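Notes for the one structure printed next.
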Protein chains: 4
Amino acid sequence: MQSSTPAARTGRPRSAAADAAILAATREALVELGWSKLTLGDVATRAGVAKTTLYRRWAGKNELVVDAVAALFDELELPDRGSLAADIEGVVLQFAAILGRPEAKSGLMAVVAESTRDDALRERIRASIVDRQKRLVLEGRARATARGELPPESDPETATRTADLIFDMVAGAVVHRTLVSARPADEEWVRGFTRVLLVGLTSPGAYGD
Amino acid sequence: MQSSTPAARTGRPRSAAADAAILAATREALVELGWSKLTLGDVATRAGVAKTTLYRRWAGKNELVVDAVAALFDELELPDRGSLAADIEGVVLQFAAILGRPEAKSGLMAVVAESTRDDALRERIRASIVDRQKRLVLEGRARATARGELPPESDPETATRTADLIFDMVAGAVVHRTLVSARPADEEWVRGFTRVLLVGLTSPGAYGD
Amino acid sequence: MQSSTPAARTGRPRSAAADAAILAATREALVELGWSKLTLGDVATRAGVAKTTLYRRWAGKNELVVDAVAALFDELELPDRGSLAADIEGVVLQFAAILGRPEAKSGLMAVVAESTRDDALRERIRASIVDRQKRLVLEGRARATARGELPPESDPETATRTADLIFDMVAGAVVHRTLVSARPADEEWVRGFTRVLLVGLTSPGAYGD
Amino acid sequence: MQSSTPAARTGRPRSAAADAAILAATREALVELGWSKLTLGDVATRAGVAKTTLYRRWAGKNELVVDAVAALFDELELPDRGSLAADIEGVVLQFAAILGRPEAKSGLMAVVAESTRDDALRERIRASIVDRQKRLVLEGRARATARGELPPESDPETATRTADLIFDMVAGAVVHRTLVSARPADEEWVRGFTRVLLVGLTSPGAYGD
DNA sequence: TTCTAAGCGAGACGGTACGTCGCGTCTTTTG
DNA sequence: CAAAAGACGCGACGTACCGTCTCGCTTAGAA
């Protein structure tokens, strides 16, 4: 997190193991208890750490859960399945699989809800989770362009705007399907969704005119 | 909410005014404090009501907030703007406007988060909010079919599946844009989104094959 | 404590039993743990009461312990043993016996120590303990005067000053003997002390000039 | 504190200045904060010393405060004022003056309170403070005997017993007057007290019969 | 009308978690 | 090797809400 500060400080250094133990304990507690019944005291106990240690490193429940959940999404990758449609389907399915895990479900929506009243928290979510995964959209487009499936995007502003729209549509739809409609984002659903998205984006007239 | 038991019970009847006052106080508190700092004791005080009165009618914070927020979405309507695209843009803008209000933002995501671990709550959300607004999709389709913009849908199962997909895509994208990306779902964005959605849904091959 | 306020307030009344249980639990904890290891949480648990109930009635550990200890000294009485010397010896022995009990030892000195920085606490101690027991000095003098052992005191100011001096000398000596010198204030010691005190007070020239 | 091992140990020797700085900081903190709000971390900071240094030399708050307070009483001396009564009055006034200082008030009673449950602490208090000042009683008696005001005491046991009684009476009365009754032990009070004490001790029949 | 059962305000209650503070110990780097 | 710096496990603090429980007092339909 802090990068090039090699200033070896005096005093006992913070235990590196504690961070990992705390984040793992947080995910475990999210699975067992869910966001609202998760307590920092319990997390500390599970991690074999004192409450003060936890508070020394995170400002509160929200920040802790953001970090605990963010790691989950780093598993996402974009395997080359040969076509843009297949690539999208693949990554959407992965995303749905993660969102199906209880530690993600319970934690993610809660911190988003909290972030509506806490700008710093929203920034943290954006930095740790959202922007971090936008790479998938960019990779996907680059690959499709290389394959000749998409024309090279000339205007960088349009490119950004489109990438943002795609991300909002993909993430939003999967989240809504999974958490609000509470129905599985399975292969069939993903195929239907991807078809609409892809046709909408590539058909003539979609963004032209 | 109340079933059709017209059996007038004995004893003092519940005050009808109290319900309205409590829900209004809840929205007010959501605006000022947000979900997590909202307390039932405070709501009761704002409503000029005893805590017991509140608990006699709602099981807890979650149920209360669902009811308080649900009313906000009943304002949505589908004015006839002459074309399917315009109709969709109109309703999406309305939806975005509601989601921009702090009492909706803060409350809605929080109860959705809670609902990931509480089936009864999820059902209440679905009944009070989600399914209640699916009418807009159906109305829109009916109107577009009448105008000849869409072919009549023969298979009812496909119709339902498509309507669900549309709802997930619309609601999901607007929520994600507004709350996660935290950028305005303004006219420009809505136009771009609607174009992708509509082209995706109506282009040949989108759902055919 | 509150006297003529018969104003029957609204709401659930405070449990009278809780007060007694808390004070008894406090004395029990003083015996087992002593002042410095006594915690209000533990007292609440022993009393079968929530911590909040305790804090609703007492401002803190100091106030609670003053009340718990004050009751101990109400047992003191001045039995008629036939002479002023015997009366004094009797009450001093009783006082020493109480001070020998661990709940008194540990609690009393601690609150006195605290009271050096807290005027309200000092007043509470004076009202609940010190002034309350000055009755013994007055009773003793009245009885001795009736017996003819002491001349009637004419000047009320001198009477007060002398009573205060006696109280400081008696209480101070017993406390110092018991707690600081940590040797028993037994019959022999009490006899010696009383003799000095009484001779000092009654010999001609002692207060005469 | 340090025994007489002149054997210069290996390694860096303990800073002698640190001891003095810590005790001074302790007294300063007692004045500003009082016993109960005094923390060892704060004392260490005031003394410009690490907490570890402090713990290397004292076992805890109690021991530290005993040492810090003990030094205050070493100022006491018995100036020759010409008569036993005047000598006593002089030293009692000095004692009252010290007890009036906040660092003594707050600290002394607190460690006495603690000592009711800690034998080692009581011994430390006795050795550092009480027995150390008994010299004043002995000096006073010796001087009075030399002057012919008192007969030489033949029985050493009686002498000890009497000296202890005097000490308990003097120290006890002054402490009680100052801390519990919270009224000044001024010249007038001291004169009255001394008269009672001295008459009680020297009148025929006081210890005779 | 009076009776009576429920609703209502107030607020005390037993709990649970909070976030902070001080303790006394430990692990670092520096002198 | 001591000292400073400061992280650490621990346990108590006093507070805030929770949801429940008395209280005394309406209120309005049933008797």
Side-chain angles (χ1 to χ4, degrees), chain A residues 7-18 36-45 47-61, chain B residues 8-15 18 36-45 47-61, chain C residues 8-18 36-45 47-61, chain D residues 9-15 18 36-45 47-61:
Chain A
R9 302 318 245 103
T10 177
R12 178 174 175 176
R14 290 193 178 169
S15 158
S36 60
K37 298 195 176 171
L38 176 151
T39 71
L40 296 201
D42 178 60
V43 168
T45 304
V49 141
K51 233 188 339 169
T52 38
T53 298
L54 207 156
Y55 278 105
R56 215 173 275 124
R57 298 165 190 226
W58 283 276
K61 194 164 152 172
Chain B
R9 305 311 237 94
T10 178
R12 178 173 173 177
R14 289 188 180 169
S15 158
S36 60
K37 297 195 175 171
L38 176 152
T39 72
L40 295 200
D42 178 59
V43 168
T45 303
V49 141
K51 250 198 312 177
T52 36
T53 299
L54 206 156
Y55 277 105
R56 216 173 275 124
R57 298 163 193 226
W58 283 278
K61 191 163 154 172
Chain C
R9 301 321 240 103
T10 176
R12 178 174 174 174
R14 289 192 178 169
S15 158
S36 61
K37 297 195 176 171
L38 176 151
T39 71
L40 296 200
D42 178 59
V43 168
T45 304
V49 140
K51 230 188 340 169
T52 40
T53 297
L54 207 155
Y55 278 104
R56 217 173 273 124
R57 298 165 190 225
W58 284 277
K61 194 163 153 172
Chain D
R9 305 308 233 97
T10 177
R12 179 169 170 178
R14 288 190 180 171
S15 158
S36 61
K37 298 194 176 172
L38 176 151
T39 71
L40 295 199
D42 179 58
V43 168
T45 304
V49 141
K51 251 197 311 178
T52 35
T53 299
L54 205 156
Y55 277 104
R56 217 172 274 124
R57 297 161 194 227
W58 284 277
K61 191 164 154 173

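Quick note: numbers below take in every heavy atom, side chains included, and nothing from hydrogens, waters or symmetry partners. Each chain gets a letter, A, B and so on, in the order its sequence line appears, and its residues count up from 1. Source: prediction; values computed, not measured.
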- prompt: Which nucleotide, dG9(E), dG22(E), dG14(E), lies nearest any side-chain atom of Ala50(B)?
  reply: dG9(E)
- line: Comparing Pro13(B) with Gly11(C), nearest DNA chain F nucleotide closer to 5' gives the residue Gly11(C)
statement: In whole angstroms, the gap separating P of dG22(E) from NZ of Lys37(C) amounts to 20 Å
- prompt: Are side-chain heavy atoms of Thr53(B) and Arg56(B) found at a separation under 4.5 Å?
  reply: yes
statement: Scanning both residues in full, the closest heavy-atom pair of Lys61(A) with Leu38(A) reads NZ-O, 3.0 Å
query: Which residue lies toward the 5' end of DNA chain F, Gly41(B) or Ser15(A), if each is placed at its nearest nucleotide?
result: Ser15(A)
message: On DNA chain E, does the nearest nucleotide to Lys61(A) precede the nearest nucleotide to Lys51(B) from the 5' side, or the other way round? Give the residue.
response: Lys51(B)
message: For a quick test of reading the model: is some side-chain N or O of Arg56(D) closer than 4.0 Å to OP1 or OP2 of dA4(F)?
response: no
query: Reckon Gly48(C) touches a base, only the sugar-phosphate, or nothing at all at heavy-atom distances under 4.0 Å?
result: sugar-phosphate
statement: Here the pair of heavy atoms bringing Ala50(D) nearest to Ala44(D) is C-CB, 4.1 Å
message: Restricting to non-hydrogen atoms, name the atom on Leu54(B) and the atom on Val43(B) that form the minimum distance, rounded to 0.1 Å.
response: CD1-CG1, 3.9 Å
- prompt: Quick one: Leu54(B) CG to dT20(F) C1', roughly how many Å, whole number?
  reply: 14 Å
- prompt: If you find the nucleotide of DNA chain E closest to Thr39(A) and the one closest to Asp42(D), which residue's nucleotide is nearer the 5' end?
  reply: Thr39(A)
field: Rounded distance (Å) that lies between atom P of dC23(E) and atom CH2 of Trp58(D)
entry: 15 Å
OP1 or OP2 of dA4(F) under 4.0 Å from side-chain N/O of Thr53(D): yes
- prompt: Just how far, in rounded Å, is C1' of dG9(E) from OH of Tyr55(B)?
  reply: 16 Å
query: Which nucleotide, dG7(E), dG19(F), dC18(E), lies nearest any side-chain atom of Leu40(A)?
result: dC18(E)
- prompt: The side chain of Arg12(B) lies closest to which of these nucleotides: dA7(F), dG11(F), dT27(F)?
  reply: dT27(F)
- prompt: dC18(E), dA10(E), dC13(E): which one has an atom nearest the side-chain heavy atoms of Thr52(B)?
  reply: dA10(E)
- request: Measure the distance from CZ on Arg14(C) to P on dG14(E) and round it to the nearest whole Å.
  value: 12 Å
message: Ignoring hydrogens, what is the shortest heavy-atom contact between Val49(B) and Ala18(B)? Give both atom names and the distance.
response: CG2-CB, 4.3 Å
